[in-house]
Amino acid sequence: MDLSSNIQRLQPSATMAVSALAKQLRSEGRDIVDLSAGEPDFDTPEWISTGAIEGIRSGGTHYTPVPGLPALRKAIADSIQRRARRAIDWNGVVVSSGAKQALFNACFCLFGPEDEVLIGTPYWTSYPEIVKLARAEPVFVAGSEGRGFRLTPDEMETATTDRTRGLLFSSPCNPTGSVYSRDELRDVAEWARDRGVWLISDEIYREINFSDDGSPAASVFDLPQDSVGPHVVVDGASKCYAMTGWRIGYSYCEPTLAKKLSALQSHINSNPATPSQLAALRAYGDPDRAQESAAEMTQAFLRRRDLAVRLTRDLLPELPFVPPEGAFYLFIRVDGAFGRDITDSSGFCTWLLEETGVALVPGVAFGDDRYVRLSFATSDEVLEEGIRRLATAVSSR
């Protein structure tokens with residue numbers, strides 16, 4: 001089949017593929033412990049869902065403006081303003097069909113052929129594919145393993161050329177769970193500012209942060225304005241409000257760029273689904289209640305994080321991992337279990353699924369073939385069963 005050069009290098013999402021395979025095997029009667037999921041296992045809070053139901057009943061089923069309902073964009077801008085402690089122009093907010101589309105919009109508008117975009121490794125599996133769809137080149141930058149792979153200006157400088165146009169990273173990070181401190185984030189932002197590089201900060205997991213005081217992770221909006229150059233911040237309702245299926249994300253940038261992002265979106269999917277926007281409006285329009293819901297979910301993830309860490313240390317002492325400070329993943333190094341029959345992370349995950357029914361995501365999907373990703377966005381019972389099966393399988397090798 002003769003396909004467009006636009007997609008010749010495109011790879012499907014490995015995380016979605018593993019999750020789909022696990023569901024298929026379960027439907028065939030296999031006893032599957034799925035620890036691959038990249039979404040909260042909680043239902044959307046009923047008071048948020050009610051916003052969509054009431055909206056539908058009152059006629060909220062028509063097109064909205066391409067960048068989203070003005071009321072929703074203003075509510076999102078107000079939420080940013082509260083944490084930034086400065087005036088935020090709601091015209092800089094573009095609501096999209098998930099944070100993934102917001103990232104695509106930004107990369108497609110900012111980058112093109114011969115441009116290079118730095119991507120911190122390990123990375124979320126879609127980052128390099130989105131950059132390649134923009135016909136730009138992803139350039140991978142590995143931070144120190146001992147620092148949870150967080151990037152420093154020196155590491156970014158080493159990878160920089162005169163073609164470098166952007167830097168794309170997440171904090172808290174998927175897949176490692178690492179979180180940049182405010183000082184570390186400022187160092188990254190100031191480097192990008194001084195280099196004239198577009199900073200794209202993916203903050204979709206920001207609320208799921210395991211700090212001692214329960215505060216969200218540091219954001220670009222927490223930094224002094226003079227520390228930040230040209231930037232796009234991406235966030236959304238999927239993780240913090242358990243709204244993955246509603247597909248509501250957003251970007252924030254200067255209004256001039258926001259108009260271009262909106263123009264692009266107008267030719268792709270017009271506006272995000274209207275009922276989904278009405279549900280998101282309920283969440284962003286009631287910040288106290290939304291924060292309470294997010295905090296309850298984060299406490300559950302914290303308990304599960306502690307359980308996963310304890311079990312992994314007790315049952316798999318030979319396998320190191322990145323201590324997760326946020327999100328809901330454990331990034332475990334498994335190359336010590338490789339051998340003649342298993343030579344990479346994909347082989348390890350295939351073997352594990354076949355032998356034990358435990359589904360993990362191979363680290364090659366995130367740019368580090370030595371690791372696998374385990375999600376603790378599941379019940380305590382499922383999590384414990386999965387790690388025990390993993391330990392039994394590894395000890396048998």
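Glu203 and Ser201 share a side-chain donor-acceptor pair at under 3.5 Å. Side-chain contact of Asp183 with Ser181: a donor-acceptor pair under 3.5 Å is absent, judged by distance alone.
With hydrogens and angles disregarded, a donor-acceptor distance shorter than 3.5 Å links the side chain of Thr50 to the backbone of Glu46. The backbone N or O of Thr244 sits less than 3.5 Å from a side-chain atom of Arg247, completing a donor-acceptor pair. Tyr180 places a side-chain N or O within donor-acceptor distance of the main-chain N or O of Leu151, the cut-off being under 3.5 Å. Of the possible polar contacts, none joining the Arg206 side chain to the Asp235 backbone as a donor-acceptor pair under 3.5 Å is found. A distance-only check finds a donor-acceptor pair linking the side chain of Gln265 to the backbone of Val95 [under 3.5 Å]. The main-chain N or O of Lys259 is never found under 3.5 Å from a side-chain atom of Ser262 such that the two would form a donor-acceptor pair. Checking side-chain atoms of Arg165 against main-chain N and O of Leu110 turns up a donor-acceptor pair under 3.5 Å. Ser96 places no side-chain N or O within 3.5 Å of a backbone atom of Gln101 that could act as its donor or acceptor partner.
Note on Val117 and Leu261: same hydrophobic cluster, where clusters join Ile, Leu, Val, Met, Phe, Trp and Tyr whose side-chain heavy atoms are under 4.5 Å apart, directly or indirectly. In this structure, Ile204 is a member of the same hydrophobic cluster as Phe376, with clusters built from ILVMFWY side-chain heavy atoms closer than 4.5 Å. Clustering ILVMFWY residues whenever any of their side-chain heavy atoms sit less than 4.5 angstrom apart, transitively, puts Tyr127 in a cluster other than the one holding Val220.
Using bins of under 30°, 30° to 60° and over 60° for the plane-to-plane angle, the ring pair Tyr371/Phe331 lands in the parallel bin.
Side-chain atoms of Asp344 and Val364, non-hydrogen and from C-beta on, never get closer than 4.5 Å to each other. Counting heavy atoms from C-beta outward, Asn174 and Tyr329 have side chains that approach closer than 4.5 Å. Proximity of Glu157 to Trp191: side-chain heavy atoms (C-beta onward) are separated by under 4.5 Å at one or more points. Side chains of Ile387 and Leu374 form a contact here, defined as non-hydrogen atoms less than 4.5 Å apart.
Contact check on Asp380 versus Arg303 returns a salt bridge, with a Lys/Arg side-chain nitrogen under 4.0 Å from an Asp/Glu carboxylate oxygen. A salt bridge is absent between Glu292 and Arg289: the closest approach of a Lys/Arg side-chain nitrogen to an acidic carboxylate oxygen does not fall below 4.0 angstrom.
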Subject >> Full working for ring-ring contact (aromatic ring centres under 6.0 Å, His included) between Phe149 and Phe169 >> reply: CA-CA 11 Å; Phe149 297 101; Phe169 74 108; over 10 Å; no

**OP:** Output, in order, the C-alpha distance, side-chain angles, deciding distance and verdict of side chain to side chain contact (heavy atoms under 4.5 Å, CB included) for Leu103 and Ile200.
**Re:** CA-CA 8 Å; Leu103 289 165; Ile200 303 180; 3.9 Å; yes

Under 3.5 Å, sequence neighbours excluded: what are the donor-acceptor pairs made by side chains of residues 349-360?
| unit_1 | atom_1 | unit_2 | atom_2 | d |
| --- | --- | --- | --- | --- |
| Thr350 | OG1 | Ser346 | O | 2.9 |
| Thr356 | OG1 | Leu352 | O | 2.7 |
| Thr356 | OG1 | Val358 | N | 3.2 |

Which donor-acceptor pairs under 3.5 Å do the side chains of residues 54-62 make with protein atoms, sequence neighbours left out?
| unit_1 | atom_1 | unit_2 | atom_2 | d |
| --- | --- | --- | --- | --- |
| Glu54 | OE1 | Arg282 | NH2 | 2.9 |
| Ser58 | OG | Glu54 | O | 3.0 |
| Ser58 | OG | Gly55 | O | 3.1 |

Would you list the atom pairs, donor with acceptor, under 3.5 Å between side chains in residues 137-144 and any protein atom, with sequence neighbours excluded?
| unit_1 | atom_1 | unit_2 | atom_2 | d |
| --- | --- | --- | --- | --- |
| Glu137 | OE1 | Arg9 | NH1 | 3.4 |
| Glu137 | OE2 | Arg9 | NH1 | 3.4 |
| Glu137 | OE2 | Arg9 | NH2 | 3.4 |
| Ser144 | OG | Gly146 | N | 3.2 |

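If you run side-chain contact (heavy atoms from CB on, under 4.5 Å) between Glu207 and each of Pro172, Pro216, Ser215, only Pro216 comes through.
Going from atom CG of Leu257 over to atom NZ of Lys260 covers 9.5 Å, rounded to the nearest 0.5 Å. Interatomic distance, CG of Leu118 versus CE of Met156, reported as 8.0 Å (0.5 Å rounding). Taken to the nearest 0.5 Å, the CZ atom of Arg388 stands 8.5 Å off from the CG atom of Asp314. Going from atom CG of Asp41 over to atom OG of Ser375 covers 8.0 Å, rounded to the nearest 0.5 Å.
A cation-pi arrangement, defined by a distance under 6.0 Å to the six-membered ring centre and an angle within 45 degrees of its axis, is absent between Arg83 and Phe221.
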